[in-house]
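Working notes for the structure below.
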Amino acid sequence: MDLSVNLAGLTLKNPVIAASGVFGYGEEYVKVGDIRWFGAVSVKGTTLNPRAGNPPPRTCETPAGMLNSIGLENPGAKVVIEEKLPWLAQFGVPVIVNISGESYEEFRTLGSMFSESPLVSALEVNVSCPNVRAGGMAFGVDPRSCYRATYAVRRAWHGPLIVKLTPNVQDISSVARAAVEGGADAISLINTLVGLAIDIKKRKPVLGSVTGGLSGPAIKPVALRCVYEVSQAVPVPVIGMGGILDYRDALEFIMAGATAVAVGTAVLVNPSVPRSIVEGLIKYGQEEGVERISDLVGVAWR
Amino acid sequence: MDLSVNLAGLTLKNPVIAASGVFGYGEEYVKVGDIRWFGAVSVKGTTLNPRAGNPPPRTCETPAGMLNSIGLENPGAKVVIEEKLPWLAQFGVPVIVNISGESYEEFRTLGSMFSESPLVSALEVNVSCPNVRAGGMAFGVDPRSCYRATYAVRRAWHGPLIVKLTPNVQDISSVARAAVEGGADAISLINTLVGLAIDIKKRKPVLGSVTGGLSGPAIKPVALRCVYEVSQAVPVPVIGMGGILDYRDALEFIMAGATAVAVGTAVLVNPSVPRSIVEGLIKYGQEEGVERISDLVGVAWR
Amino acid sequence: MSTPEIHDVLAEVMSVKRCRGGVYRAELVAPEIAAVAKPFQFVNIKVSPGNDPFLRRPFSLSRIEPDEGIIEITWAVVGKGTGIMATWEPGREVKILGPLGNGFSLEDKGLTGGFIAPLGGKAPELILVAGGTGLAPMYPLVMSARKSGFTVSLFYGGRSLESLMDTDRFEQSGCEVHISTEDGSAGFRGVVTGLFESRLRNLSASDIVVACGPRPMLQRLKSMCGQRNIRLYVSLEERMACGVGLCKGCAVKTSGNDPGYRHVCTDGPVFLADTVELGGE
Amino acid sequence: MSTPEIHDVLAEVMSVKRCRGGVYRAELVAPEIAAVAKPFQFVNIKVSPGNDPFLRRPFSLSRIEPDEGIIEITWAVVGKGTGIMATWEPGREVKILGPLGNGFSLEDKGLTGGFIAPLGGKAPELILVAGGTGLAPMYPLVMSARKSGFTVSLFYGGRSLESLMDTDRFEQSGCEVHISTEDGSAGFRGVVTGLFESRLRNLSASDIVVACGPRPMLQRLKSMCGQRNIRLYVSLEERMACGVGLCKGCAVKTSGNDPGYRHVCTDGPVFLADTVELGGE
Ligand SMILES: Cc1cc2nc3c(=O)[nH]c(=O)nc-3n(C[C@H](O)[C@H](O)[C@H](O)COP(=O)(O)OP(=O)(O)OC[C@H]3O[C@@H](n4cnc5c(N)ncnc54)[C@H](O)[C@@H]3O)c2cc1C
Ligand SMILES: Cc1cc2nc3c(=O)[nH]c(=O)nc-3n(C[C@H](O)[C@H](O)[C@H](O)COP(=O)(O)OP(=O)(O)OC[C@H]3O[C@@H](n4cnc5c(N)ncnc54)[C@H](O)[C@@H]3O)c2cc1C
Ligand SMILES: Cc1cc2nc3c(=O)[nH]c(=O)nc-3n(C[C@H](O)[C@H](O)[C@H](O)COP(=O)(O)O)c2cc1C
Ligand SMILES: Cc1cc2nc3c(=O)[nH]c(=O)nc-3n(C[C@H](O)[C@H](O)[C@H](O)COP(=O)(O)O)c2cc1C
Ligand code: FES
Ligand code: FES
């Protein structure tokens, strides 16, 4: 089966992307897995200035999932451009830079900073992080502000532009349409759901910053619903994610309308998950006589 | 430990309620469990006219949860009042009638119909069902329409009035406040999250009606977050639910701000779950020296 | 509808074995259930502790031994739950809820009365048609039908010889067994409805056909028996959560103009074929 | 920071036993990990297949046998994962990722050089302070410290005699063992920091204290050692997801004016006490 997919002008050798936030900038990943099994990698959410992140505890297991409140710990755009990307480039895997701004202005600045780097294959505008106070999810819960954030980056960045949406809204399709109007070439979804856990011994929230983002298999049905809806509502490709653990999960997303898929939490539990998904897809293609993975995109509603 | 709680003027002997939709009107439950372990029971979502429900398949397992698209299959308010409630009354457990209308007018009619019955302890206005086309969740995603639906019932019904909210919104607290303004004496949350599953063999959505409501442990973190938020935002008690399987889960909800809790999906897997939760709470109270369960309500934020 | 006694018991697994046809069979110690269970009733099993898998799984009783306090289930590995069950070892305890459903007993349906003393020379016949694991629930019915004086024959089909379960216990109970395989590796070459067709011609209005297997097989039988006015009962499967009537999840559409649904777990699993819609969406 | 070699292996459980102090101990066949692991490194274990529990669980290596290709872990049952581990049987295979963390070796820290040939008469001392399961990672360090010529003593405390793990292997390695119990059922009556206090007076700047146990114990030690300028290393635990630096979940606040965080899995688990904040929120 031909696994390659075309994503907003970018050709990926396979549709399995490392989701932002579980891959860092690749330095830790290389110790436990081979980056080249990924069709593309999305690096940790990057901000204009370095961020130290949120107070611990930052993670907590939940039924078939986890909460995280990392808080965009990252070294800032400058270090990423000067140190992280040149190192990561050696693997020859397309690099998507996930960016997060506190204002439209900051989004534009990030867009133009990364325009200077030839090592960026695509930008992923994160208007959906539930773990930071300023910016973050605020831009993604309202079509107007999503439009403006997207447009701010679009003015400065001329490569493939992906906008990553939050499911914490009542009508994700209208936010997706706004992103496309603002200039998005692709939509990625979903980011985490806002959740909370209580430590019954301490009688307090578990996480240092009270709420966190829920990810993992638990959210897969919500993610699939968003992909099914949004892929029918917008004319651009969708990158689906949320709880993908194996090739069967990946197929569910592709059939629901995703052109490519991303694996987040699964990488934390099983670093070699991209390889097992790619191999699973190849085997499936042989057994079912599917020639191109792209033939399956959206079959559930087409 | 004193397990009794006061819910909008209604005293429950313990805080464990049967969530609407997993208890029918009690006739099936008595074959597998003893109703008297519940502090109160919320009957199946009841509509003005009988409803046959949605086409099968109607359920589907998901990681640590399930999707359902029952579609409010119920015999209609008249039969409930004349046949179901008189039978259910024999157990001496307060009965909450969960009602669902397709219009404000219908909500008002339901309110006045149930006003005639002395067997109803409280009404639970369901503005959060994701599985019906008309009405259902539509009223619960917008503060204004939630206010109007609540107010429609309030005008006709003078007993305890609970409004049940959906988490499929971006700001659940503002919807909760609108319900209180409309006359709600208590808020119950959460109803299911909208989700979907794909049958990769058939390359189609699993459920006959495409999307369904996600319930079970998977959604517990989302439910806890909603309870934590809403219990601080409104002056009325909150009934918490979403993924409760045992007394520890119940304690998480109570500490997060719930005055009472409801068990839904857990009843389907383990019909005697109310008993095990009640016994677990009693043991916990002894070991930790807690005198009244109500002393724990909201300790995580108080 | 009778009110069955339903028990939620922690049953010990007494034996598990892999059998012909690639299916597994386990004996469970559950005296409360064995004492009251009827043919075509089922149990809902919590396959393993914890949340993965989360829901219980429904399985028909493939043997009921009230005296020994034992029930048997027979399953094919098709996914996570059945896969875990295949790793069960004797001594393990599992939560099982049952017996569930109305089951199917000739007495309940008022079918035995006239037949025990046949009017003509011919004894009333019970014809069983099974595809795949649909054979599992048939054996308890054979046992009770023989007691009631029925002549019983079984038509059972699969893809190939290897895919077929062992039918010895049926033969030993005096049941005539007819086999079909799609690849011709055993018995009649073709599908089981093809094999059954020849027999259909000789059936009369007092005979009964009970079928269990894939929907397309049941659909085909429904039209075959309908044309000849032969009474057909079908045992249906639907995705279940509770198995006891709480969730209304296991709906099956009623046929005719009635726009309603019936529920496999409380109204079934066996339905008179005419009363339900079997057509694929 | 060195780049450790990390392996994700399917390891066979060779033995599991319940030991004194109510803890469990398992030997796992993992030659790749045993060959390179250092004291205070840990492994991240997928306790059972499936999603419940979902994340791996981190455990220190309580013994490393490179020649036999075996690692040992020692744990207390505190929740779901550790409870399942207590039901492991020999022959079972589990996925383990390791060795993780920097570990703690006297050579790496450049601590052994000057001490092997002591200047004065007194050999340099390594003092280990452990509370509860904090004893687990200490043994591999004793082994390597003895090789480097250190005098090693252990201060180990718990609630009562029953809550204490066996310390035989420490004594057999020539380590002086001092015990405390809060109820006085063995050794010094009181907390381990109280017992350690008497020894603290005799320590000098060339000696090293390494501690592992509950945060309050570590906090107390930090202030005790800080006052006397004794070098203290603490081994920290934080909730972990990946254990390898991918998620940035295992943050611990750095002390002083630096507003940043370090990560237990990649920067630790052992930290110079002065560099991190141990204070409870
Ligand atoms: C009343 C009743 C009696 C049954 N008796 C038997 C029996 O005696 N022997 C036997 O082998 N099987 C029987 N089944 C089917 C059996 O319940 C399913 O095969 C089993 O639940 C699958 O579990 P799993 O975790 O292995 O599969 P999953 O991983 O959950 O799913 C695997 C596949 O099975 C299908 N499936 C899942 N649940 C059901 C269900 N409830 N009904 C139909 N298909 C389903 C799914 O669509 C999927 O394709 C019965 C079902 C019912 C409703
Ligand atoms: C680097 C490192 C090394 C460790 N080495 C050992 C060891 O050698 N022996 C040992 O017994 N334990 C050790 N632990 C702690 C061990 O990982 C936890 O006890 C275990 O993960 C709990 O799993 P559970 O599923 O049983 O508990 P859960 O059901 O997940 O939780 C039970 C309790 O444990 C707490 N907890 C959960 N995860 C952690 C965690 N990662 N760190 C601290 N507390 C946690 C929770 O707050 C909760 O109160 C180590 C932890 C770390 C980070
Ligand atoms: C530890 C962690 C950190 C994350 N950080 C980011 C981030 O920096 N930017 C972002 O857009 N999404 C971030 N995410 C969200 C994931 O990219 C993904 O959208 C989400 O986790 C759902 O996918 P999953 O269920 O496969 O994990 C993070 C998720 C996790 C678990
Ligand atoms: C099968 C099923 C049917 C339900 N029907 C209703 C309903 O009729 N009315 C309603 O308000 N909620 C209904 N719910 C939602 C539950 O009452 C509850 O809010 C939700 O399932 C979350 O709780 P849980 O995770 O404990 O199940 C239903 C849930 C399930 C699983
Ligand atoms: S499975 Fe719940 S009603 Fe039949
Ligand atoms: S546990 Fe993931 S970075 Fe340490």
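The chains referred to below are lettered A, B, ... by the order of the sequence lines, with proteins before strands, and numbering in each begins at 1. Keep in mind that the numbers below use all heavy atoms, side chains included, and drop hydrogens, waters and symmetry copies.
Between atom CG of residue D:L97 and atom CG of residue A:L268 there is a gap of 11.0 Å, rounded to the nearest 0.5 Å. Atom CG of residue D:N51 and atom CD of residue A:E61 lie 9.5 Å apart, to the nearest 0.5 angstrom.
Per-residue counts of heavy-atom pairs under 4.5 Å with chain D were compared for A:G53, A:G26, A:G24, A:P217; the largest is that of A:P217. Comparing A:G71, A:P55, A:G216, A:C60 by how many heavy-atom pairs each has under 4.5 Å with chain D, the most go to A:P55. Contact count against chain A (heavy-atom pairs under 4.5 Å) is highest for D:C242 among D:G50, D:C250, D:C242. With respect to chain D, the highest number of heavy-atom pairs below 4.5 Å among A:A64, A:S69, A:G264 belongs to A:A64.
Closest heavy-atom contact between D:R239 and A:T59: CD-O, 3.2 Å. Across all their heavy atoms, A:V22 and D:L246 have their closest contact at O-CB, 3.5 Å. A pairwise comparison of heavy atoms in D:F54 and A:L245 identifies CE1-CD2, 4.2 Å as the closest pair. When all heavy atoms of D:G249 and A:I70 are compared, the closest pair comes out as CA-CD1, 3.6 Å. Minimum heavy-atom separation, A:A52 to D:G260: CB-CA, 4.1 Å.
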Inset, instruction - For A:N270 and D:K95, run side-chain contact (heavy atoms from CB on, under 4.5 Å): C-alpha distance rounded to whole Å, both residues' side-chain angles, the deciding distance at 0.1 Å, then the answer. - result: CA-CA 9 Å; A:N270 178 13; D:K95 280 186 77 176; 3.3 Å; yes
Inset, instruction - Show your reasoning for whether side-chain hydrogen bond (donor to acceptor under 3.5 Å, both in side chains) applies to D:H263 and A:E73. - result: CA-CA 11 Å; D:H263 302 98; A:E73 177 178 330; 2.9 Å; yes
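Among the residues in residues 55-65 of chain D, those with a non-hydrogen atom closer than 4.5 angstrom to a non-hydrogen atom of chain A are D:L55, D:R56, D:R57. Chain A is approached within less than 4.5 Å, heavy atom to heavy atom, by no residue from residues 75-87 of chain D.
Looking at D:E238, its side chain never comes within 3.5 Å of a backbone N or O of A:P56 through a donor-acceptor pair. Counting only distance, with no hydrogens or angles, the side chain of A:R58 and the backbone of D:K248 share a donor-acceptor pair below 3.5 Å.
Contact annotation for D:D8: only side-chain heavy atoms (C-beta onward) come within less than 4.5 Å of a heavy atom of chain A. Residue A:P63 does not touch chain D at all, counting heavy-atom pairs closer than 4.5 Å. Looking at A:Y29, both its backbone and its side chain come within 4.5 Å of chain D, counting heavy atoms on both sides.
In this structure, D:R159 has no salt bridge (charged side-chain N to carboxylate O under 4.0 Å, His left out) partners at least two apart in sequence or on a different chain.
Taking a 6.0 Å sphere around CD of D:E89, one finds it holds 12 or fewer heavy atoms contributed by other residues, nucleotides or ligands.
Applying the salt bridge (Lys or Arg N to Asp or Glu O under 4.0 Å) definition to pairs two or more places apart or across chains, none involves residues 90-99 of chain A.
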